[in-house]
Protein chains: 2
Amino acid sequence: MVSSEALAERAGTTGAQVRKDLSSFGSFGTRGRGYGVDPLHARIREILGLTRPWQVALVGAGRIGSALHAYPHFRDRGFRIVAILDMDPAKIGGAWEGTPIRDVGELEAVVGAESVEIVILAVPASAAQPLAERAAAAGVRGILNFAPVRLRLPEGVEVNNVNLAVELEALSHALSLEDARR
Amino acid sequence: MVSSEALAERAGTTGAQVRKDLSSFGSFGTRGRGYGVDPLHARIREILGLTRPWQVALVGAGRIGSALHAYPHFRDRGFRIVAILDMDPAKIGGAWEGTPIRDVGELEAVVGAESVEIVILAVPASAAQPLAERAAAAGVRGILNFAPVRLRLPEGVEVNNVNLAVELEALSHALSLEDARR
DNA sequence: GCCAGCTTGTGAAAAACTTCACAAGAAAGG
DNA sequence: CCTTTCTTGTGAAGTTTTTCACAAGCTGGC
């Protein structure tokens, strides 16, 4: 068992916050005892939609793509990278750990054939928008976008942006504030 | 010139929000016209602390480290990766684009010699906490942490976490919600 | 020089989120 | 079986953030 307070300490928040958040998905704690770790874990996996695997295509076989492909926590949580696409002829025809790198021109075909629901976009900023549009048109439901552009896509396509420069800039801002306070 | 509404559209928010946010740093728009692009850009760089370069050490020369080192937008914004550290003897002694890869045992020495203020931590989860502590003790002020652990550090050290698995999980959650609505 | 048309900056209102605080319930020990 | 101890779940209070709405102010044209 684990208490809301113990969870809060690990997550960097308060017990009340943890309880409020969890209670919005139903009440599965036990008063006086806390939350059972296994049931809680199972429930969170359910809430996050991790109880079934997701078919993922990796678009962009550059350095970021390479890092993401090797990232063990994706596979752990049921994200299956079923295809890798790139536009560089030097890379097309190669393979990463058995998964072939295919021509990005085949995007639509791959999405259809492999029932791809999520695309990880790890391409240069200039290539991102058209590729995202093609993926969306081909039926992809979610895009994890590493390109530093805000994608404009039709309603119904979920986009999650990761902008590495912004993360460093946030640090820079925080440190500058410190400096200014002195 | 650019209006708050135009900025808002690009950023995915509202004009009122943009104006409130900007006004908290002083008023540098012109009524009836909007904001001058160049002054606005300069002011934001100032606010983010990007008017001077930051000395950065990259700890972890794996795939993520490699992607980050090659990421052009860091250098663009004044983040100078002045040192690369790793624990793998096969990598130590090598170099990336002229920057030598050094033994992570030299962390403290490097931080001192190069006046490193920011560390990018791109190491496995198990190695992150001790390395973060060492960096903090050596005088590093900010850490950009890619390891999926919550670092516990003394007050005054800024930490910014990037958790790639969480980003995909957020997508998964959003798509599951859609499914549930049907 | 004045009027018309825009757009900022900002109080006030509304909404969202967090914290407080405590009744309700569960378990362990006697 | 009763009492003590602990921790959840949740209304209410408090705080923060966002939206609304409009006076203030700039610019261009006449």
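Naming convention: chains lettered A, B, ... in sequence-line order (proteins, then strands); numbering from 1 in each chain. Being a predicted model, the structure only gives us computed values, none of them experimental.
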Start and end of chain B contact along DNA chain D [non-hydrogen atoms, under 4.0 Å]
D:dT18 to D:dT27

With sequence neighbours left out, the residues meeting side chain to side chain contact (heavy atoms under 4.5 Å, CB included) with A:R150 are A:N161

I'd like to check the side chain to side chain contact (heavy atoms under 4.5 Å, CB included) partners of B:A16; sequence neighbours left out, ordered by chain and number.
B:T14, B:R19

Scan residues 26-42 of chain A for pairs that pass side-chain hydrogen bond (donor to acceptor under 3.5 Å, both in side chains), counting only residues two or more places apart or in two chains.
none

N/O donor-acceptor pairs under 3.5 Å from side chains in residues 56-64 of chain A, not counting sequence neighbours:
{"unit_1": "A:R63", "atom_1": "NH1", "unit_2": "B:S66", "atom_2": "OG", "d": "3.0"}

Which salt bridge (charged side-chain N to carboxylate O under 4.0 Å, His left out) pairs, counting each pair once, include a residue from residues 154-179 of chain A, with sequence neighbours left out?
A:E169-B:R77, A:E178-B:R141, A:D179-B:R52, A:D179-B:R141

What residues form a side chain to side chain contact (heavy atoms under 4.5 Å, CB included) with A:D88, not counting sequence neighbours?
A:D86, A:A90, A:K91

Salt bridge (Lys or Arg N to Asp or Glu O under 4.0 Å) involving A:E114 - partner list, sequence neighbours excluded:
none

Let me know, please, whether A:T30 or A:K20 comes out on the 5' side of the other along DNA chain D by nearest nucleotide.
A:T30

I need the full list of salt bridge (charged side-chain N to carboxylate O under 4.0 Å, His left out) pairs touching residues 3-18 of chain A, with sequence neighbours left out, sorted by first then second residue.
none

Side-chain donor-acceptor contacts of residues 121-132 of chain A below 3.5 Å, not counting sequence neighbours, with atom names and distances?
{"unit_1": "A:Q129", "atom_1": "OE1", "unit_2": "A:R152", "atom_2": "N", "d": "3.0"}
{"unit_1": "A:Q129", "atom_1": "NE2", "unit_2": "A:E133", "atom_2": "OE2", "d": "2.5"}
{"unit_1": "A:Q129", "atom_1": "NE2", "unit_2": "A:R152", "atom_2": "O", "d": "2.9"}

Students often mix this up, so state it plainly: with edges at 30° and 60°, are the rings of B:W96 and B:H69 parallel, tilted or perpendicular?
tilted

Under 4.0 angstrom between A:Q17 side-chain N/O and C:dC17 OP1 or OP2:
no

Which residues within residues 3-15 of chain A lie with some heavy atom under 4.0 Å of an atom in DNA chain D?
A:S3, A:S4

Which ones in residues 31-48 of chain A lie close to DNA chain C, meaning a heavy atom under 4.0 Å from one of its atoms?
A:R31, A:G32, A:R33

